[in-house]
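Working notes for the structure below.
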2 protein chains.
Amino acid sequence: MSIVRKISESAVHRLSLYLRILEDLESEQRETVSSEEMSGRSATTAAQVRKDLSLFGSFGKRGWGYDVADLAGRLRKILGLDRQWRVALVGAGRIGSALVEYGGFGERGYDVVAIFDSDASKVGEKWGGLRVRDIGEFEEVASEQSVEIVILAIPVEAVPSVMEHVDRAGVRGILNFAPTKLKVPEGVAVKDVNMVMELEALSFALSQEDGER
Amino acid sequence: MSIVRKISESAVHRLSLYLRILEDLESEQRETVSSEEMSGRSATTAAQVRKDLSLFGSFGKRGWGYDVADLAGRLRKILGLDRQWRVALVGAGRIGSALVEYGGFGERGYDVVAIFDSDASKVGEKWGGLRVRDIGEFEEVASEQSVEIVILAIPVEAVPSVMEHVDRAGVRGILNFAPTKLKVPEGVAVKDVNMVMELEALSFALSQEDGER
DNA sequence: GCCGCCTTGTGAAAATCTTCACAATATTAG
DNA sequence: CTAATATTGTGAAGATTTTCACAAGGCGGC
Ligand SMILES: NC(=O)c1ccc[n+]([C@@H]2O[C@H](COP(=O)([O-])OP(=O)(O)OC[C@H]3O[C@@H](n4cnc5c(N)ncnc54)[C@H](O)[C@@H]3O)[C@@H](O)[C@H]2O)c1
Ligand SMILES: NC(=O)c1ccc[n+]([C@@H]2O[C@H](COP(=O)([O-])OP(=O)(O)OC[C@H]3O[C@@H](n4cnc5c(N)ncnc54)[C@H](O)[C@@H]3O)[C@@H](O)[C@H]2O)c1
């Protein structure tokens with residue numbers, strides 16, 4: 001039955017945004033919200049909000065708006081936040097440590113269940129209840145722990161060798177911080193986080209302004 | 001003279017990608033490259049590569065391709081990387097420290113020239129040659145140091161008060177890590193880095209797969 | 001100098017995404 | 001019950017982005 005609609009990258013992005021807005025509204029004890037108000041708190045239009053939501057169903061009541069708690073629940077379900085995701089961190093470096101210490105992921109159902117590194121001086125360290133393991137143990141531990149998502153926070157040079165482990169372990173999704181295009185088997189989802197690119201987009205925008213004057 | 005073309009977000013993103021590819025090619029001692037090969041190393045098509053570049057001029061030679069070093073130089077110029085940018089970090093926490101210790105920004109011309117925090121136990125610490133300063137000094141120091149870009153790595157709650165300082169100091173661009181929509185004066189560019197959203201896009205993709213089976 | 005080959009640059013077509021505009025309908029007041 | 005009001009859900013229009021397809025050059029070989 002399920003119709004395969006292709007939801008655009010940007011639409012998914014906006015859904016995350018809407019969820020954050022709804023959570024703010026929940027903490028303000030608001031019961032309902034209109035597409036108009038949602039658009040005011042994001043950077044979109046009311047029509048966009050309604051179109052985005054209508055891709056998944058009709059969640060509002062005409063003349064009344066959306067029930068805040070109900071819509072938040074539906075978005076959580078749509079985004080896959082109605083369950084726990086078992087996550088492994090590979091790369092116990094600067095970014096890795098910032099991520100593991102950050103509580104925001106656990107809150108949303110992403111449980112870091114294993115940490116890997118190749119540096120003998122890091123392997124064995126205790127990081128918030130978890131022991132840093134050698135990358136050589138990846139396949140065994142990842143399958144034992146049913147890891148589905150990997151956060152890759154390693155240098156570019158280490159990517160090829162680490163990806164061999166990751167591929168063999170049957171991981172389904174990768175959040176990649178290394179500034180390189182990953183080669184992954186069919187069916188594995190990858191999202192890149194590239195802060196340098198964001199800075200470049202910023203300096204591009206500023207340079208354009210300068211050029212126009 | 002300069003025609004004001006609106007370059008899409010995604011096109012700028014791809015330009016950054018192309019630059020990274022060209023830098024790889026440079027380190028492989030390659031002299032020339034075709035749009036075909038560039039597309040193979042990114043996730044686009046050859047036509048897209050050529051269209052993107054043609055927004056800014058015609059940099060190639062028919063039947064021959066692009067000169068790797070020349071094109072890299074032109075992209076650097078387009079992205080505003082042909083100069084130094086003076087950057088201030090606000091928030092000497094986990095993310096802030098990972099960023100400051102990371103060399104990749106300096107390499108690309110982003111110089112962190114000041115670091116601010118509000119925590120008395122952090123103010124005064126030495127971070128790679130810089131003293132962490134109190135956020136109260138922001139306006140004075142930022143204008144003295146000609147800061148143009150701010151990296152905001154503070155908790156959401158601290159955003160409103162910090163933004164007052166930032167707005168008054170006449171900063172032109174902000175790289176924001178706090179998961180909230182910044183309100184900025186006209187003309188200030190903002191780019192958000194939101195890792196939770198990327199993870200949500202990942203779990204969305206994985207959930208969709210599950211649903212389709 | 002001419003031919004054949006290769007690859008760019010770019011209009012035009014196709015696809016995708018966003019905005020518009022309004023009928024449908026729930027709610028509330030009288 | 002009717003009217004007035006609010007706001008959704010959604011086709012259709014409009015805008016933007018991507019892909020197609022090919023003429024226009026440049027280069028090497030003969
Ligand atoms: N730190 C930042 O602010 C920043 C910013 C942008 C991008 N990045 C990127 O993020 C990635 C991580 O950066 P970082 O600053 O955390 O680096 P880091 O050097 O602090 O940490 C990398 C970790 O990976 C480990 N590692 C190396 N090879 C490995 C292997 N084969 N298997 C397992 N672990 C291995 C290292 O031992 C180290 O602990 C890099 O690709 C970097 O380019 C970082
Ligand atoms: N750490 C992560 O992995 C991660 C992931 C996603 C998003 N974020 C976001 O990035 C931001 C920073 O995260 P973090 O983990 O580095 O937090 P952190 O708590 O480690 O650091 C925040 C720093 O900001 C400082 N600060 C607080 N109020 C301030 C003020 N008014 N003026 C100046 N400095 C002030 C604190 O003293 C602290 O040093 C947060 O908004 C967080 O939600 C972090």
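Labels below follow one simple rule: chain letters A, B, ... track the order of the sequence lines, proteins then strands, and each chain is numbered from 1.
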* A:L53 CG to D:dG9 P: how many Å, rounded? -> 8 Å
* Reckon B:S34 has a side-chain N or O less than 4.0 Å from the OP1 or OP2 of C:dT7? -> no
* Does A:N194 offer a backbone N or O that forms a donor-acceptor pair with the side chain of A:D192 under 3.5 Å? -> no
Please tabulate, one pair per line, all N/O donor-acceptor pairs under 3.5 Å involving side-chain atoms of residues 49-57 of chain A, not counting sequence neighbours.
residue: A:R50; atom: NH1; partner: A:S35; partner atom: OG; Å: 3.0
residue: A:D52; atom: OD1; partner: A:R14; partner atom: NH2; Å: 2.9
residue: A:D52; atom: OD1; partner: A:Q48; partner atom: NE2; Å: 3.2
residue: A:D52; atom: OD2; partner: A:R14; partner atom: NE; Å: 2.6
residue: A:D52; atom: OD2; partner: A:R14; partner atom: NH2; Å: 3.4
residue: A:D52; atom: OD2; partner: A:Y18; partner atom: OH; Å: 2.6
residue: A:S54; atom: OG; partner: A:K51; partner atom: O; Å: 2.8

* Taking only the side-chain heavy atoms of A:S54 (C-beta and beyond), determine which of C:dT10, D:dG9, D:dG26 contains the nearest atom. => D:dG9
* B/S/- contact track for nucleotides 15-25 of chain D, protein heavy atom under 4.0 Å -> --SSBBB-BBB
* Please report, rounded to the nearest Å, how far the P atom of C:dT8 is from the CZ atom of B:F56. => 18 Å
* Asked: Passes ring pair (Phe, Tyr, Trp, His ring centres under 6.0 Å), A:F138 versus A:F116? Steps please.
  -> CA-CA 7 Å; A:F138 186 86; A:F116 300 89; 4.9 Å; yes
* Main-chain N/O of A:T180 paired to A:N176 side chain as donor or acceptor, under 3.5 Å -> yes
* Atom of A:T44, atom of A:S39 and distance for their closest heavy-atom approach -> O-CB, 3.4 Å
* How close or far is atom C1' of C:dC6 from atom CD of B:E36, stated in whole angstroms? -> 12 Å
* Which angle, rounded to 10°, do you find between the first-five-pair axis and the last-five-pair axis of the helix from C:dG1-D:dC30 to C:dG30-D:dC1? -> 10°
Kindly list each side-chain donor-acceptor pair under 3.5 angstrom involving residues 142-151 of chain A, sequence neighbours excluded, with atom names and distances?
residue: A:S143; atom: OG; partner: A:E139; partner atom: O; Å: 3.4
residue: A:S143; atom: OG; partner: A:E140; partner atom: O; Å: 3.3
residue: A:Q145; atom: OE1; partner: A:R86; partner atom: NH2; Å: 2.6
residue: A:E148; atom: OE1; partner: A:R83; partner atom: NH2; Å: 2.4
residue: A:E148; atom: OE2; partner: A:R172; partner atom: NH1; Å: 3.2

* pair A:F204-B:I7: side-chain heavy atoms closer than 4.5 Å -> yes
* **Euclidean distance, atom CZ of residue B:F59 to atom P of C:dG9 [Å, nearest integer]** => 9 Å
* Counting N and O atoms only, with roles assigned by atom type, does the side chain of B:W85 sit under 3.5 Å from a partner on the main chain of B:G80, one being a donor and the other an acceptor? -> yes
* Asked: Can you check whether A:Y66 has a side-chain N or O nearer than 4.0 Å to OP1 or OP2 of D:dG9?
  -> yes
* Those residues of residues 23-33 of chain B lying under 4.0 Å from DNA chain C by at least one heavy atom -> none
* **Summary of salt bridge (Lys or Arg N to Asp or Glu O under 4.0 Å) pairs that have at least one residue in residues 179-190 of chain A, sequence neighbours excluded** => none
* **Backbone of B:L199 reached by a side-chain donor or acceptor of A:Y110 within 3.5 Å** => yes
* To do: Send over the distance from B:D67 CG to C:dT7 P, rounded to a whole Å.
  => 15 Å
* Within the distance-only criterion (no hydrogens, no angle test), does the side chain of A:D117 pair as donor or acceptor with the backbone N or O of A:D119 below 3.5 angstrom? -> yes
* Separation of D:dA6 C1' from A:E37 CD (nearest whole Å) -> 14 Å
